[in-house]
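Reading through the structure tokens given below for one structure.
Bear in mind the structure is a predicted one, so any value in this text is a computation, not a measurement. Reminder, nothing fancy here: chain letters follow the sequence lines and each chain counts from 1.
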Protein chains: 2
Amino acid sequence: MPDGSQKKPSRIQKHNRRVILDAALDVFSQHGFRGATLDQIATEAGLSKPNILYYFQGKEDIHLTLLSQLMETWLDPLVELDPNGDPQTEILDYVQRKLDMARDLPRESRLFAGEILQGAPRMGPHLERDLKPLFDEKCAVIAHWINTGKIAPLDPQHLIFSIWATTQHYADFAAQVSVLLGSQTDPHQRASDHLKAMFSGMLRPPACD
Amino acid sequence: MPDGSQKKPSRIQKHNRRVILDAALDVFSQHGFRGATLDQIATEAGLSKPNILYYFQGKEDIHLTLLSQLMETWLDPLVELDPNGDPQTEILDYVQRKLDMARDLPRESRLFAGEILQGAPRMGPHLERDLKPLFDEKCAVIAHWINTGKIAPLDPQHLIFSIWATTQHYADFAAQVSVLLGSQTDPHQRASDHLKAMFSGMLRPPACD
DNA sequence: AAAAAATTTTACCATTTGGTAAATCCACGA
DNA sequence: TCGTGGATTTACCAAATGGTAAAATTTTTT
């Protein structure tokens, strides 16, 4: 009897949990926690509602499971920021990784955005425990790059915010972006080029003398 | 008998509609359309549910009214971007106006963000009709500034996206920002300084020779 | 193949939700 | 001051929602 069991899951169990989480990601990312319904998730997953509650303790459990799994993926690009690499390259590559993630995992981006937008009621602790230490660590790395004159003197904390904002924008505000760009050739490449130019411009040390 | 009436509204009518819309802004911006309930809005407004439905045709009507009213406010800062002003100043001032709006109208920002996040189901037409023409117009202005060498050659469309993203981030992701910044002195001023430095850096024409 | 365990379905249930009908209250102009 | 129309409340309702109990079915183990 699964749901909260500690036994190793059968293959049918693993399969169904994955199917449910995938369906739930669809629904939660589109309607938010309170706007999503178990019936919707069940229909999307091709299972009955009670069957879903056989695998998860409830709606909240599904949502929390999704957010927990997501956190890892979400932090990964920042983890890879190498203190020993070339500062400009490291930051530009980080921007690129985040942008690629917005393209490849838009549902995850929106799930995350929705949760934060609503005040992070179910993720506050995760942010504090997992994100904050990493954030502080990488801010220190950037601060060091600045102090040694490798990049322009920007506020590290807010620089990271700006990177998150500009990249995730393409997933979270896709509906607006697509209206405004119309049918354009390879918007992702354009976005990538723009962000590269933008961050290159602002990062290059200020004086040319 | 109000709700859809064309008569001029009494002062009590005007007052209650305003109270309801203010309460609804709270609730919708926090829970999204589907997650919000009329009971919540009623409680927040200090009115009974049927009384609310006396002033609005239904939940959707309230939401739509909010979005319509918001659109005007939302476009305003961009409208003010002056083709005849100094390019650098104009853009930096625009950034500042947007940032101030994120600070002063966070609920509105989140309402908008939530609607877009969910695919703009009730606002697609508004975007197409009101936002797109203005967006195209101002992109042309920026393109002209670039062509005459006044600012660095950035993609106008994506530059505007980046301005929106970086400024609205402080309202939409406030829950995350506050966790990561901790209790810091005047985060808004820091954000303002950062954005100014950042956009100054990227806008200044590339070569110093 | 039989027993045991895991999985799925059927039939519910209490609560919440958006919304309505009609009775009542109340402000205000004649 | 009294009538009238706007404003508000009371009492509902049908549908949807999160969730449960237990029977039925399938899978796995012996």
Side-chain angles (χ1 to χ4, degrees), chain A residues 1-28 30-67 114 118 121-122, chain B residues 1-28 30-67 114 118 121-122:
Chain A
M1 69 281 274
D3 107 11
S5 78
Q6 270 96 10
K7 302 254 173 184
K8 59 181 165 187
S10 69
R11 87 199 113 97
I12 193 170
Q13 222 169 112
K14 242 187 289 192
H15 174 259
N16 276 350
R17 279 185 69 101
R18 198 154 38 77
V19 166
I20 292 169
L21 287 174
D22 187 69
L25 180 55
D26 264 18
V27 178
F28 280 130
Q30 203 167 22
H31 298 293
F33 179 74
R34 289 187 50 177
T37 72
L38 284 179
D39 293 275
Q40 247 180 308
I41 296 172
T43 301
E44 193 89 4
L47 297 171
S48 68
K49 183 167 58 175
N51 201 5
I52 279 186
L53 292 168
Y54 174 72
Y55 289 103
F56 291 92
Q57 300 199 36
K59 190 180 170 181
E60 184 127 14
D61 184 25
I62 302 178
H63 194 247
L64 217 58
T65 303
L66 275 177
L67 288 176
Q118 296 178 4
R122 275 164 291 278
Chain B
M1 67 284 269
D3 109 9
S5 79
Q6 270 97 9
K7 302 257 173 181
K8 57 181 164 185
S10 68
R11 87 199 109 97
I12 195 168
Q13 222 170 112
K14 242 187 286 190
H15 173 259
N16 276 349
R17 280 185 69 102
R18 198 154 38 76
V19 166
I20 292 169
L21 288 174
D22 188 69
L25 180 55
D26 265 18
V27 178
F28 280 131
Q30 203 167 21
H31 299 293
F33 179 74
R34 287 188 50 177
T37 72
L38 284 179
D39 293 275
Q40 246 179 309
I41 295 171
T43 301
E44 192 89 6
L47 296 171
S48 68
K49 183 166 59 174
N51 202 5
I52 280 186
L53 293 168
Y54 174 71
Y55 289 103
F56 291 91
Q57 300 199 35
K59 189 180 172 182
E60 184 128 13
D61 184 24
I62 302 177
H63 195 247
L64 216 58
T65 303
L66 275 177
L67 288 176
Q118 297 179 3
R122 274 165 291 277

Collect all protein-nucleotide pairs involving nucleotides 23-28 of chain C in which both atoms are nitrogen or oxygen and the distance is under 3.5 Å.
unit_1	atom_1	unit_2	atom_2	d
C:dC28	OP1	B:R11	NH2	2.1

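The two atoms that bring A:K59 and A:R34 nearest to each other are NZ-O, 3.7 Å, heavy atoms only. Among all heavy-atom pairs drawn from A:T37 and A:V27, the shortest one is N-CG1, 4.3 Å. Across all non-hydrogen atoms, the minimal contact from A:L66 to A:L21 is CD2-O, 3.6 Å. The shortest heavy-atom contact between A:S48 and A:A42 is C-CB, 4.0 Å.
Using a 4.0 Å cut-off, some side-chain N or O of A:Y55 falls inside it from OP1 or OP2 of C:dT8. OP1 or OP2 of D:dA7 lies within a sub-4.0 Å distance of a side-chain N or O belonging to B:Q13. For C:dT8, the OP1/OP2 oxygens have no side-chain nitrogen or oxygen of A:Y54 closer than 4.0 Å. The shortest distance between the side-chain N/O atoms of A:N16 and the OP1/OP2 oxygens of C:dA6 is not below 4.0 Å. When the side-chain nitrogen and oxygen atoms of A:N51 are compared with OP1 and OP2 of C:dT10, none of them lie within a distance under 4.0 Å. Between A:S48 and C:dT9, a side-chain N or O to OP1/OP2 separation shorter than 4.0 Å is present.
Nucleotide C:dG19 holds its P atom 13 Å from the NE2 atom of B:H63, rounded to whole Å. The CZ atom of B:F56 sits 13 Å away from the P atom of D:dA7 (whole-angstrom rounding). Distance B:L47 CG to C:dG18 P: 16 Å, rounded to the nearest Å. Straight-line distance from the NE2 atom of A:H15 to the C1' atom of C:dT7: 14 Å, rounded to whole Å.
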**Chi angles and distances behind the side-chain contact (heavy atoms from CB on, under 4.5 Å) call for A:I62, A:Y55** = CA-CA 9 Å; A:I62 302 178; A:Y55 289 103; over 6 Å; no

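A donor-acceptor pair under 3.5 Å is absent between the side-chain atoms of B:R122 and the main chain of B:L64, judged by distance alone.
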**Asked** How would nucleotides 13-22 of chain D be written as a contact map, 5' to 3', with B for base contact, S for sugar-phosphate-only contact and - for no contact, using protein heavy atoms under 4.0 Å?
**Response** ----SBBB--

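Counting heavy atoms from C-beta outward, A:Y54 and A:N16 have side chains that stay 4.5 Å or more apart. Between B:D22 and B:R18 there is no side-chain heavy-atom pair separated by less than 4.5 Å.
The CZ atom of A:F28 sits 10.0 Å away from the CD atom of A:Q40 when rounded to the nearest 0.5 Å.
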